[in-house]
Protein chains: 4
Amino acid sequence: MAKDFQASKPIYVQIADHLSYQIVRGELKTGEKLPSVREMAILSGVNPNTIQRTYSEMERMGIVETKRGQGTFVTENEHVLKELKIRLQNDIIAVFVQNMKDLGFSQEDMIKGLQQYLRREEM
Amino acid sequence: MAKDFQASKPIYVQIADHLSYQIVRGELKTGEKLPSVREMAILSGVNPNTIQRTYSEMERMGIVETKRGQGTFVTENEHVLKELKIRLQNDIIAVFVQNMKDLGFSQEDMIKGLQQYLRREEM
Amino acid sequence: MAKDFQASKPIYVQIADHLSYQIVRGELKTGEKLPSVREMAILSGVNPNTIQRTYSEMERMGIVETKRGQGTFVTENEHVLKELKIRLQNDIIAVFVQNMKDLGFSQEDMIKGLQQYLRREEM
Amino acid sequence: MAKDFQASKPIYVQIADHLSYQIVRGELKTGEKLPSVREMAILSGVNPNTIQRTYSEMERMGIVETKRGQGTFVTENEHVLKELKIRLQNDIIAVFVQNMKDLGFSQEDMIKGLQQYLRREEM
DNA sequence: GTGGTCTAGACCACA
DNA sequence: GTGGTCTAGACCACG
């Protein structure tokens, strides 16, 4: 037990997630060009191949579209973006629920705890 | 070089968190003896100094008590444990709320999303 | 015009197609273990990374399943294999029809030509 | 090294096939002059010797006729062109039948599959 | 052993 | 310039 320090997701997934967040939040707008593979590699401090894989995965998921010789662009398919948002939301909730469960909280506790937290924050 | 995505928390904090979780969940019971610094270091694959720091921090927070020549024990102060649970819960909720905010969800959305998720999971 | 000599598909796709054929023809049976990435790399005379990609793609398509530390296996999902056969068949027919069209044959000609060919071959 | 998958046919044969297709489809008309060896070499990005060989082969098959000092022309012998078309058609069908066989389809399956495909395409 | 990830550096096709 | 593919060699986690 307890040997999984740094058991982080693959870098190419981390970057994909990061970009997905930016897209969902509108920081990267629909149709907008992403940094080129090489640029992004420098920005992220990783090898271009890793970014290549990130972009490939995102294309496979329909989040971006690549045009040879032109670049990689955020899809304009709103449906895909909506699904993406739902997926990301689900992941967040799943982590939350798991953690709360681990702490021994019931479902009711979770909702109450969240409501209290939000009420406090509002003030 | 250049592989430090998601700059994880210091190892000694990670271990402290991990132990705190175990305590709150009752896997480590109140009054129970923790593994010695050396044992824990081997279990965690970490330098004993790191564990020393973990235990010091936890003692500072009142979560554990060390008795010279005997070892480190989970506190029997129920109030502290209760506070600990609340603090961990708070951290989880804070992360959740931040992530949901980043995705552009309102407070109302968060609660509704959570409720839906729990309802789905129940089935 | 006419500059696309050797415009062959990527090697990793060629190998995937080759394996798919073997699977559909039953030379690689359902549940059977494929050669390891390294073995296959030597057999094919390519870099292990290329085979890795081949296997990844095939897993993504559900044709094979990989078990960490054990190997890569032909799926036992008959439905997927059926779909695969249909897809491969479709590809073959599409090429055939395109070529025949290029030669100026009508749809009727294609069928008649095929029937004649088969009749001749039977004898 | 080791990149010769799908050992493609010799280039001079590829070019001959390509020209034959154009002739059969009427893009190169009977009696029409083909590009000179040097022109064709540049167009194809190939050594003139290779084109020379292409033209020689095609002459041997009676598909073209070369006139010293004038150039190379598509034959006006309709019979040869007819045979050429039949030969090309045969090659296409042979490949198709072989591939379908490899996939485990019977002769009946082939015809049915083709008919279905054409019917689908019509829509 | 297995597959999975990553790097470094190369060449290609497209525009 | 762009993305796409491939190689060579390395390290990791899993069993």
Side-chain angles (χ1 to χ4, degrees), chain A residues 1-17 19 31-60 63-75, chain B residues 1-6 8 44-45, chain C residues 1-17 19 31-60 63-75, chain D residues 1-6 8 44-45:
Chain A
M1 101 186 56
K3 197 183 284 197
D4 47 356
F5 298 126
Q6 238 118 230
S8 48
K9 287 180 283 188
I11 295 178
Y12 76 90
V13 173
Q14 290 181 37
I15 298 176
D17 284 350
L19 290 173
E32 190 173 340
K33 184 180 174 299
L34 299 179
S36 80
V37 169
R38 287 162 185 78
E39 277 171 9
M40 195 63 186
I42 294 169
L43 283 173
S44 307
V46 300
N47 188 283
N49 277 334
T50 303
I51 303 298
Q52 180 65 262
R53 188 155 184 194
T54 297
Y55 284 5
S56 296
E57 279 300 302
M58 292 180 78
E59 174 157 43
R60 204 177 51 72
I63 302 172
V64 301
E65 289 165 14
T66 89
K67 297 174 191 166
R68 282 262 226 159
Q70 304 197 77
T72 302
F73 302 82
V74 179
T75 184
Chain B
M1 101 188 53
K3 200 182 284 200
D4 47 357
F5 272 91
Q6 219 145 235
S8 44
S44 307
Chain C
M1 103 188 51
K3 195 184 285 196
D4 47 355
F5 297 125
Q6 238 120 229
S8 47
K9 287 180 283 188
I11 296 179
Y12 76 90
V13 174
Q14 291 180 36
I15 298 176
D17 284 351
L19 290 173
E32 190 173 341
K33 185 179 174 300
L34 298 180
S36 82
V37 169
R38 287 163 185 77
E39 278 171 9
M40 195 63 187
I42 293 169
L43 283 173
S44 307
V46 301
N47 187 285
N49 277 332
T50 304
I51 303 297
Q52 180 66 261
R53 188 155 184 193
T54 297
Y55 284 5
S56 296
E57 279 300 303
M58 292 179 79
E59 175 157 43
R60 205 177 52 70
I63 302 172
V64 301
E65 289 165 14
T66 89
K67 297 175 192 167
R68 282 262 222 158
Q70 305 198 81
T72 303
F73 302 81
V74 178
T75 184
Chain D
M1 99 187 54
K3 199 180 286 197
D4 46 357
F5 273 90
Q6 219 145 233
S8 44
S44 308

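Each chain gets a letter, A, B and so on, in the order its sequence line appears, and its residues count up from 1.
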Point-to-point distance, once rounded to the nearest 0.5 Å, from CD of C:Glu32 to OG1 of C:Thr75: 13.5 Å

Does a nitrogen or oxygen in the side chain of A:Tyr12 sit under 4.0 Å from OP1 or OP2 of E:dC6? no

Rounding to a whole Å, what distance do you find between C:Met58:CE and E:dG4:C1'? 18 Å

What is the distance, to the nearest angstrom, from the CD1 atom on C:Ile42 to the P atom on F:dT7? 13 Å

OP1 or OP2 of E:dT5 under 4.0 Å from side-chain N/O of A:Arg53: yes

Would you give the length of the straight line joining atom CE of A:Met58 to atom OG1 of A:Thr72, rounded to the nearest 0.5 angstrom? 9.5 Å

If only side-chain N and O atoms of A:Ser56 are considered, is one of them under 4.0 Å from the OP1 or OP2 phosphate oxygen of F:dG3? no

Is there a donor-acceptor pair under 3.5 Å between the side chain of A:Glu57 and the backbone N or O of A:Tyr12? no

Over how many whole Å does the gap from A:Gln52 atom CD to E:dA10 atom C1' extend? 14 Å

Expressed in angstrom and rounded to an integer, what is the separation of C:Ile51 atom CD1 from E:dT2 atom P? 13 Å

Please determine if a side-chain N or O atom of C:Thr66 lies less than 4.0 Å away from the OP1 or OP2 oxygen of E:dG4. yes

Between CD of A:Glu57 and P of E:dG4 the distance, given in whole Å, is 12 Å

Length of the CD1-P vector between C:Ile11 and F:dG4, whole Å: 17 Å

For the side chain of A:Arg68, starting at C-beta, report the closest nucleotide among F:dG3, F:dT5, E:dC6. F:dG3

Nearest-Å distance for atom pair CD/C1', residues A:Glu39 and F:dG1: 10 Å

Which residue lies more 5' along DNA chain E, comparing A:Gly69 with A:Val13 via nearest heavy atoms: A:Val13

Measure the distance from CG on A:Leu34 to P on F:dG1 and round it to the nearest whole Å. 19 Å

Ignoring hydrogens and geometry beyond distance, is the side chain of A:Arg38 in donor-acceptor contact with the base of F:dG3 at under 3.5 Å? yes

E:dT2, OP1 or OP2 - any side-chain N/O from C:Ser36 closer than 4.0 Å? yes

Reckon C:Thr50 has a side-chain N or O less than 4.0 Å from the OP1 or OP2 of F:dC6? no

Only pairs with both distances under 3.5 Å count, Watson-Crick or wobble alike; so what is the partner of E:dG1 in this structure? F:dC14

Distance-only donor-acceptor test, A:Asn49 side-chain atoms vs F:dG4 base atoms, 3.5 Å: no

About how many Å separate CD1 of C:Ile51 and CG of C:Leu19, when rounded to the nearest 0.5 Å? 8.0 Å

Do C:Met40 and C:Thr54 have side chains that get closer than 4.5 Å, going by heavy atoms? no

Less than 4.0 angstrom between a side-chain N/O of A:Tyr55 and OP1 or OP2 of F:dG3, yes or no? no

